[in-house]
Amino acid sequence: FTPKDKEKLGVVLSDSGFSGYLTIQDILPVLKSFYPTFDQAFFLERASRFQLPLHKRIKDFSTGMRAKLKVLSAVSHDSRLLILDEPINGLDPIGIAEVRSFIRELCDTGGKTILISSHILSEISLLADDIGIIDHGTLLEEESLARLEQKSGRHVRFTLSDTAQAARILECSFHET
């Protein structure tokens, strides 16, 4: 990646990287210095919509408020590719719906490509057009959501460490030998 490429990248990790002693008002100059295309008006409008207080220390934010701040920081500089690691972790159902709606809006109207890492497959199915399944760093499947659902309805594949024990359990459960 060139420095110009990196300017078009937005990332949400488990930790925001911002000191808990800072406020949103304090991080605005930091974001402006990191990203020449930082859109402060957009950021402040979305912070207001998400009901994020500008003068409260980040350490005093709820988990949901911190999650919303991380996503907002990642998208407020005209990033074209967003990498979101568990973006809804710790959110209550209302917060999940708000962030999901925001992410969907970014895809639909913002022309952004979003890579989401999540263990909450029900949420991914509400957001994703294409799904990749990764296990220990290996891409196992990459399909459209519709194709993956079609394929998964026909069979289930298990990897077992003790096939004999699994066979005994299945035989007992289904009373067949």
Side-chain angles (χ1 to χ4, degrees), residues 1 5-6 8-20 46 49-52 57-76 79-177:
F1 284 108
D5 292 332
K6 290 177 185 175
K8 298 294 183 184
L9 182 65
V11 179
V12 171
L13 301 173
S14 59
D15 181 22
S16 70
F18 297 121
S19 167
R46 292 305 171 120
R49 186 187 295 185
F50 284 153
Q51 299 178 345
L52 298 176
R57 288 182 175 174
I58 295 170
K59 73 180 184 88
D60 297 325
F61 280 18
S62 68
T63 302
M65 292 166 76
R66 283 193 295 273
K68 292 174 190 176
L69 175 61
K70 290 187 293 185
V71 172
L72 187 55
S73 298
V75 303
S76 295
S79 48
R80 308 311 299 158
L81 171 63
L82 301 175
I83 300 172
L84 309 178
D85 182 26
E86 303 283 359
I88 59 170
N89 248 12
L91 293 176
D92 61 22
I94 293 172
I96 289 171
E98 288 174 337
V99 170
R100 180 192 322 125
S101 174
F102 184 44
I103 291 170
R104 185 83 253 168
E105 181 184 330
L106 291 169
C107 284
D108 294 343
T109 62
K112 298 187 184 308
T113 298
I114 302 178
L115 174 65
I116 301 174
S117 161
S118 180
H119 292 89
I120 305 172
L121 298 179
S122 59
E123 273 304 311
I124 293 299
S125 70
L126 296 172
L127 287 169
D129 299 319
D130 296 302
I131 301 217
I133 298 174
I134 300 171
D135 182 35
H136 293 91
T138 302
L139 182 63
L140 302 177
E141 281 293 333
E142 184 178 2
E143 298 278 356
S144 71
L145 178 59
R147 178 76 180 122
L148 194 59
E149 286 174 340
Q150 181 184 40
K151 282 173 63 175
S152 67
R154 292 185 297 197
H155 68 278
V156 176
R157 185 174 91 178
F158 293 95
T159 302
L160 306 167
S161 59
D162 186 345
T163 55
Q165 177 67 17
R168 285 190 295 278
I169 291 169
L170 288 171
E171 287 171 359
C172 289
S173 297
F174 293 104
H175 309 293
E176 294 183 20
T177 55

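In this text, all values refer to a predicted model and were calculated from it rather than measured experimentally. Below, each value reflects all heavy atoms present in this structure, side chains not excepted, and no hydrogens, waters or symmetry copies. Positions are given from 1 along the sequence.
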CD-CZ distance between Glu98 and Arg46, expressed to the nearest 0.5 angstrom: 11.0 Å
Trace of the side-chain contact (heavy atoms from CB on, under 4.5 Å) decision for Glu142 with Ile131: CA-CA 6 Å; Glu142 184 178 2; Ile131 301 217; over 6 Å; no
Nearest non-hydrogen partners of Ala74 and Ser79, listed with the distance: O-OG, 2.9 Å
Worked check of side-chain contact (heavy atoms from CB on, under 4.5 Å) between Leu139 and Ile133: CA-CA 6 Å; Leu139 182 63; Ile133 298 174; 5.9 Å; no
Reported CZ-to-CE distance for the pair Phe50 and Met65, which is rounded to 0.5 angstrom: 12.0 Å
Side-chain H-bond candidate by donor/acceptor type, Asp85 with Ser117, under 3.5 Å: yes
Shortest non-hydrogen contact between Pro87 and Ala67, atoms and distance: O-CB, 3.9 Å
Lys59 to Arg66 - nearest heavy-atom pair and separation: O-NH1, 3.9 Å
Close side-chain approach of Asp135 and Thr138, heavy atoms under 4.5 Å: no
Heavy-atom check, side chain of Leu82 versus side chain of Leu115, under 4.5 Å: no
NZ/NE/NH1/NH2 to OD/OE distance under 4.0 Å, Glu105 and Arg49: yes
Single hit among Leu91, Ile96, Asp92 for side chain to side chain contact (heavy atoms under 4.5 Å, CB included) with Ile94: Asp92
Pair Leu72-Phe102, side-chain contact (heavy atoms from CB on, under 4.5 Å): steps then yes or no: CA-CA 9 Å; Leu72 187 55; Phe102 184 44; 4.2 Å; yes
Gap separating the OG1 atom of Thr113 from the CG atom of Asp129, nearest 0.5 angstrom: 10.0 Å
Minimum side-chain heavy-atom gap Ile114-Leu84 below 4.5 Å: yes
Arg104 side chain reached by Leu127 side chain, heavy atoms, under 4.5 Å: yes
Identify each donor-acceptor pair in which a side-chain atom of residues 161-170 lies under 3.5 Å from a protein atom, sequence neighbours left out, and give them as a table.
{"from": "Asp162", "atom 1": "OD1", "to": "Ala164", "atom 2": "N", "distance (Å)": "3.4"}
{"from": "Asp162", "atom 1": "OD1", "to": "Gln165", "atom 2": "N", "distance (Å)": "3.1"}
{"from": "Gln165", "atom 1": "OE1", "to": "Arg168", "atom 2": "NE", "distance (Å)": "3.4"}
{"from": "Gln165", "atom 1": "OE1", "to": "Arg168", "atom 2": "NH2", "distance (Å)": "2.8"}

pair Leu126-Arg100: side-chain heavy atoms closer than 4.5 Å: yes
